[in-house]
Amino acid sequence: MLIGKYFRVIWYALFVVLSTSSFFVSANTLEGIRVWPSPDETRIVIDLNSEANYSYFTLSSPYRLVVDLKNTNVKAKLPLTVSDSKVLSKIRKSSAPSKGTTRLVFELKHSVTAEIFKLAPTPGGQYGHRLVMDLPHKSKGNSKPVQSKPTASSKPIINSQANQIIGSGEIIIAIDAGHGGEDPGSIGPTRKYEKHATLAISKKVVAQINAQPGMRAILTRSGDYFVNLNQRTELARKNRAHFLVSIHADSFSSPKPRGGSVFVLNTRRANTEIGRWVEKHEKQSELLGGAGDVLSKNNKDRNVSQTILDMQFQNSTEEGYKLAVNVLSEMGKVIKLHKSKPAHASLAVLKSPDIPSILIETGFMSNPTEEKQLFQRAHQDKIARAISRAITRYFKDNPPQGTLLAAKGQEQKHKVRSGESLSVIAKKYGTTTAKLKSANKLKSTGLAVGQVLIIPSNKPVYVAPKATTSKATTSSSTQARTIITHKVRSGEYLGKIASRYKVSTSSIRSLNRLKSDTLFVGQKLKVSIVAPVKKHTVKRGEFLGKIATKYGVSVSSLRKANKLRSDELAIGQVLVIPTS
């Protein structure tokens, strides 16, 4: 018995020594750190193998955010230099306050009010435990305590001048590229990410809509970064968008389902198994940053507020259904449809009561064939053209009041009779001879009997200033026009070529002196495009080959663009970067 008691004492003593010494193994491991800069904020994601036990504080002169991860060791490589963030420059380790604790120091460019929150593992095992930090790019004055949870109103999205717009001559459509950054969306059999396909298609839709007179499209995100779901609708609202179109790629537990579909809002449960699957996965996206409440809380009378909201929801739902039918009609001409009628689901991105919205599923990422197609340029072009055609047709049939399309639809026509003059006709319709001449491109006041005149609308049309979008701009880029040559291929027509280069068909006609829109295969057309001109200031240690690699251009093109006689560069020398 004495021997047994002796061994129990030895084992207890050994346990105490191991648990309080450097031999203690941390309960958690920092697996990696990911940084996602966006135009408005920088998101930092710390991947851990168990739930984070952390504390934090801020320092100034210089500005730093310090996070202590208790009972945690580090597997990730540090320090980490960040070059593309407006607020964060470096992440490094520092002396720990106690054994078993990892201290991370985030070196900041200015004072910010950060937002820190934990995320649990995703059900599919795509992500484990995470600690997320959102650092807004705009300083909010003196540093305040770090918030433990993000709020819907904490991140300014758009310049407040957008609130002063009293009307819009243009029809504005917000195109929402699903997922992004920390949220990859569905992952296909070959590990391709939905977020990349949706952004590529969305950019093509925007380009094609912007080629239409009287219409303008904006993107809710223009790069690979995460935008909270409530921010997407808020961005559309601040830009006075008439419609929000969210573009996604579907997924399912089986690889068999395929085809495109369009979802519209239904506050009740989704009416299909696929719809319920989509709702479930969108909920995971909400958890990445918190879903916002789009319902108005300004009116003290809740009954009045609810009545107004019900009316707005009803109108938004009806208009959403109309556009969804149009989109399905056009998509059905170029791709297989999963559902020929609009499907219903209760999705956060559709829940804005004041902006009609639809969610388009362009195919199934879980289907091997469609996953491959969704990353093919030609297939993306087909889908984008179908969506843009549907949107254009919808708004031509249902132009909002006060827009250019509405004014065009209100134009009357008058057939000139014997004895009528321009001033007589102007007086009859309550307009002026100047407006009549302008609307009909008349060089004189002379008229011919039987001539048909367009009578312009007298209703005022307000043209909105272009509100800012989420796309970041840099002072190092300017814009210049350049002439390129396009060789007509089989199946191409003038409108398609104009859409590809984001120009109007009239500009191509004028530049090439075309008398008709008929083209032939092999015909060469001149196209005047806006090309970004980037500039680079030479830094210490840089050489021509290094700079060429950075911008994805050749050394010879750099020499030609800058008329260099040798490869020698001077520090501070400014180089023009040619388009790749």
Side-chain angles (χ1 to χ4, degrees), residues 32-44 60-65 76-93 104-112 135-139 159 180-181 196 199-200 203 207 219 221-225 468-485 501-503 527-580:
I33 299 178
R34 292 172 286 138
V35 180
W36 300 97
S38 75
D40 299 313
E41 66 181 15
T42 294
R43 169 164 285 193
I44 305 158
S60 58
S61 300
Y63 293 110
R64 286 152 290 166
L65 171 64
K77 291 183 179 180
L78 291 172
L80 178 64
T81 301
V82 181
S83 60
D84 50 356
S85 169
K86 295 180 181 179
V87 65
L88 178 66
S89 58
K90 191 175 184 179
I91 304 173
R92 59 179 172 85
K93 286 177 62 178
L104 298 177
V105 178
F106 300 84
E107 296 183 2
L108 307 175
K109 297 177 182 179
H110 55 77
S111 173
V112 296
L135 307 178
H137 290 168
K138 290 184 180 179
S139 176
N159 191 308
H196 297 313
L199 182 59
K203 285 182 175 180
L219 282 166
R221 70 174 178 97
S222 58
D224 185 16
Y225 49 84
T468 57
T469 69
S470 61
K471 183 175 181 180
T473 57
T474 58
S475 58
S476 60
S477 290
T478 57
Q479 297 232 314
R481 284 208 163 267
T482 185
I483 303 294
I484 64 166
T485 301
Y501 294 107
K502 304 176 186 177
V503 299
V527 184
S528 176
I529 65 170
V530 176
V533 179
K534 295 180 180 177
K535 293 182 179 180
H536 176 84
T537 303
V538 178
K539 299 172 185 174
R540 186 180 299 276
E542 287 185 328
F543 51 91
L544 212 57
K546 184 177 181 180
I547 297 169
T549 301
K550 178 179 179 180
Y551 291 99
V553 298
S554 65
V555 172
S556 60
S557 66
L558 266 180
R559 288 197 202 101
K560 185 178 180 181
N562 293 277
K563 299 179 181 178
L564 300 177
R565 295 181 180 178
S566 71
D567 288 359
E568 293 183 2
L569 301 175
I571 295 173
Q573 182 177 352
V574 178
L575 297 177
V576 173
I577 308 300
T579 55
S580 57

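Quick caveat, the model's predicted, so the values are computed rather than measured.
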Interatomic distance, Ser38 atom OG to Arg221 atom CZ [nearest 0.5 angstrom]: 11.0 Å
Spacing of CZ belonging to Arg34 relative to CG belonging to Leu80, to within rounding of 0.5 Å: 12.5 Å
Check: Val82 and Ile44 side chains under 4.5 Å, non-hydrogen atoms: no
Evaluation steps, side-chain contact (heavy atoms from CB on, under 4.5 Å), between Val35 and Arg43: CA-CA 6 Å; Val35 180; Arg43 169 164 285 193; over 6 Å; no
Whether Asn562 side chain and Val576 backbone form a donor-acceptor pair below 3.5 Å: yes
CA sep, side-chain torsions, deciding dist, call: Tyr551, His536, ring pair (Phe, Tyr, Trp, His ring centres under 6.0 Å): CA-CA 10 Å; Tyr551 291 99; His536 176 84; 5.5 Å; yes
Test item: Thr42 side-chain N/O and Leu88 main-chain N/O as donor-acceptor pair under 3.5 Å: no
Expected output: side-chain Ser85 to main-chain Val87 donor-acceptor under 3.5 Å: yes
Nearest heavy-atom neighbours spanning Ser89 and Lys109: CB-CE, 4.1 Å
Flag side-chain contact, heavy atom, 4.5 Å: Val112 against Leu65: no
Straight-line distance of Glu568 CD to Gln573 CD, nearest 0.5 Å: 10.5 Å
Donor-acceptor pair, side chain of Arg92 and main chain of Lys90, under 3.5 angstrom: no
Test item: Thr549 side-chain N/O and Gly545 main-chain N/O as donor-acceptor pair under 3.5 Å: yes
Side-chain heavy-atom pair Ile91, Leu78 within 4.5 angstrom cut-off: yes
From OG (Ser528) to CD1 (Ile484), nearest 0.5 Å: 9.0 Å
Contact check, side chains of Pro39 and Tyr225, non-hydrogen atoms, under 4.5 Å: yes
Closest heavy-atom pair and its distance - Ala548, Ser554: CB-C, 4.0 Å
Ile577 CD1 to Ile547 CD1 distance, which is reported to the nearest 0.5 Å: 6.5 Å
NZ on Lys93 to CG on Leu104, rounded to 0.5 Å: 8.5 Å
N/O donor-acceptor pair under 3.5 Å between His110 side chain and His137 backbone: yes
Validation row: Leu575, Lys535 side chains within 4.5 angstrom (heavy atoms): no
Where Ser557 and Val553 come nearest, the two heavy atoms and their spacing: OG-CB, 3.7 Å
Over all atoms of both residues, closest heavy-atom pair of Leu569 and Leu544: CD1-N, 3.7 Å
